[in-house]
Peer 1: 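Sharing a structure with you now.
The model shown is predicted, which means the values in this text are computed figures rather than measured ones.
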Amino acid sequence: MTLGLLTPAPTSTGSDLESVELIFRLLELLAGAHQPLGVTEIARALDISKPRAHRHLRAFVQRGYARQDARTEGYEIGVGLLTLGERARERFGVIAAIRPLMAPLRRATGLAVTASVLVGDEVVVLEMLQGTSVIEFGVRPGSRLDLHASAHGLVALAFGPPQLIEDIVQRPLKPWTEHTLVDPAALRDAAARVRRQGWATAVDSVQFGVNALAAPVLDHRGVCGGAIALVGATQLIPAEPSASQVEAVVTAAAAASRSIGFQSA
């Protein structure tokens with residue numbers, strides 16, 4: 001079986017759909033692994049036979065979506081998938097606008113810098129640059145952040161589509177720590193405050209001792225399409241960030257906003 005089976009056919013059967021689902025599960029397994037995986041290990045994880053796992057893996061290798069380690073004979077993700085991901089990421093204009101501003105922001109602050117996009121009702125981190133401190137802080141690219149428990153998320157709630165916050169407060173809000181905003185009224189108040197001041201923090205909201213400072217990147221409608229943020233220890237980004245930190249983040253976000261068509265009043 002090859003990836004060519006992904007080509008639409010006149011009719012679909014349950015078996016076809018299972019095969020497509022297996023392809024995605026295999027891709028996710030390889031992408032999430034920290035070292036090459038053997039055929040037996042892959043077959044066991046996917047609950048399929050070794051010959052079937054091997055056929056899929058060989059197809060992935062042929063298309064560049066996987067590679068086989070010459071020493072261990074295990075399989076890992078290939079450059080083809082990386083290339084595909086980069087092409088997809090470039091479709092997000094917000095990230096293209098933020099990316100040139102990340103390194104200057106890191107140089108100015110010495111802190112880790114992250115960039116996110118708002119996709120539907122999810123905030124996804126797509127870029128990260130580590131800071132210059134001895135201890136590293138950051139978020140893995142591809143991570144989805146809870147809107148109620150992150151600076152990126154609070155910015156999205158404050159500057160995103162008006163219905164977004166109402167949709168979120170109808171759901172159970174996970175209490176990552178005792179400081180996580182889980183009360184709907186408190187979350188609405190926080191979003192209103194973020195909108196007034198133009199930036200958000202999320203001190204100790206997911207992990208004690210960690211804070212982030214984010215500002216929105218607005219599109220031509222003035223709606224949040226993503227955010228740029230600093231991430232670091234609370235001793236470096238306190239609950240009340242320094243004026244210089246706020247200015248640096250807000251200025252970078254404003255520049256990215258202008259590059260995608262936002263015009264301030």
Side-chain angles (χ1 to χ4, degrees), residues 1-103 106 112-120 122-131 136-145 152 225-229 231:
M1 174 178 178
T2 68
L3 290 179
L5 289 179
L6 288 174
T7 303
T11 59
S12 295
T13 67
S15 178
D16 292 333
L17 294 177
E18 289 175 3
S19 295
V20 173
E21 181 183 3
L22 177 58
I23 288 172
F24 287 121
R25 288 172 58 206
L26 178 52
L27 283 174
E28 291 168 354
L29 178 65
L30 293 177
H34 298 293
Q35 59 187 12
L37 301 176
V39 176
T40 301
E41 190 176 3
I42 291 170
R44 185 184 302 115
L46 299 178
D47 194 24
I48 59 176
S49 68
K50 287 176 61 176
R52 189 178 184 191
H54 187 261
R55 288 197 300 271
H56 281 286
L57 289 165
R58 295 314 304 165
F60 279 18
V61 170
Q62 290 172 8
R63 298 293 294 267
Y65 294 142
R67 63 178 294 274
Q68 187 173 24
D69 185 273
R71 182 176 59 84
T72 66
E73 297 188 348
Y75 292 87
E76 59 186 352
I77 211 67
V79 295
L81 190 64
L82 178 62
T83 301
L84 192 65
E86 287 295 328
R87 290 174 181 173
R89 184 164 56 175
E90 291 300 329
R91 295 178 67 90
F92 292 101
V94 172
I95 292 299
I98 295 174
R99 188 179 294 121
L101 303 164
M102 295 178 68
R106 178 177 63 178
V113 181
T114 54
S116 69
V117 292
L118 177 61
V119 184
E122 289 189 319
V123 166
V124 184
V125 174
L126 292 183
E127 295 277 354
M128 186 196 74
L129 288 179
Q130 287 290 354
E136 293 186 346
F137 289 89
V139 183
R140 180 183 299 174
S143 298
R144 288 169 167 79
L145 304 180
H152 283 277
I228 186 169
V231 182

Peer 1: Considering only heavy atoms from C-beta outward, does the side chain of Leu129 approach that of Thr114 to under 4.5 Å?
Peer 2: no
Peer 1: Can you name the closest pair of heavy atoms from Ala66 and Leu30 and give their distance?
Peer 2: CB-CD1, 4.0 Å
Peer 1: When you measure from the side chain of Arg106 to the backbone of Gln130, do you find a donor-acceptor pair of N or O atoms at a distance under 3.5 Å?
Peer 2: yes
Peer 1: Using a 3.5 Å distance criterion without hydrogens, assess whether the side chain of Gln68 forms a donor-acceptor pair with backbone atoms of Glu73.
Peer 2: yes
Peer 1: Compare all side-chain heavy atoms of Ser19 with those of Arg52 and state whether any distance is below 4.5 angstrom.
Peer 2: yes
Peer 1: Write down the atom of Ser116, the atom of Val94, and the distance for their closest heavy-atom approach.
Peer 2: O-CG1, 4.1 Å
Peer 1: Evaluate the side-chain proximity of Tyr75 to Val61: yes if any heavy-atom separation is below 4.5 Å, no if none is.
Peer 2: yes
Peer 1: Main chain of Leu46, side chain of Arg25: is a donor-acceptor contact present, judged purely on distance under 3.5 Å?
Peer 2: yes
Peer 1: Atom CD of Glu21 and atom CG of Leu26: how far apart are they, to the nearest 0.5 Å?
Peer 2: 12.5 Å
Peer 1: Which distance, rounded to the nearest 0.5 Å, do you find between the OG1 of Thr40 and the NE2 of His54?
Peer 2: 11.0 Å
Peer 1: At their closest point, which heavy atom of Met102 faces which heavy atom of Ala115, and how far apart are they?
Peer 2: SD-CB, 4.0 Å
Peer 1: Shortest non-hydrogen contact from Ile42 to Ala53?
Peer 2: CG2-CB, 4.4 Å
Peer 1: Starting from the C-alpha separation in whole Å, work towards a yes-or-no answer on side chain to side chain contact (heavy atoms under 4.5 Å, CB included) for Ile77 and Phe60.
Peer 2: CA-CA 9 Å; Ile77 211 67; Phe60 279 18; over 6 Å; no
Peer 1: Go through it in stages, so that I can follow the logic: the residues are Ile98 and Glu127, the test is side chain to side chain contact (heavy atoms under 4.5 Å, CB included), and I'd like the CA-CA distance, side-chain angles, deciding distance and then a yes or no.
Peer 2: CA-CA 9 Å; Ile98 295 174; Glu127 295 277 354; over 6 Å; no
Peer 1: Step by step, work out the side chain to side chain contact (heavy atoms under 4.5 Å, CB included) result for Val113 and Leu101.
Peer 2: CA-CA 10 Å; Val113 181; Leu101 303 164; over 6 Å; no
Peer 1: Nearest heavy-atom pair of Val39 and Lys50: which atoms, and what distance?
Peer 2: CG1-O, 3.7 Å
Peer 1: Between Ser49 and Arg55, is a side chain to side chain contact (heavy atoms under 4.5 Å, CB included) present by the stated rule, with each step listed?
Peer 2: CA-CA 10 Å; Ser49 68; Arg55 288 197 300 271; 5.5 Å; no
Peer 1: So do the side chains of Leu126 and Pro141 get within less than 4.5 Å of each other, counting heavy atoms only?
Peer 2: no
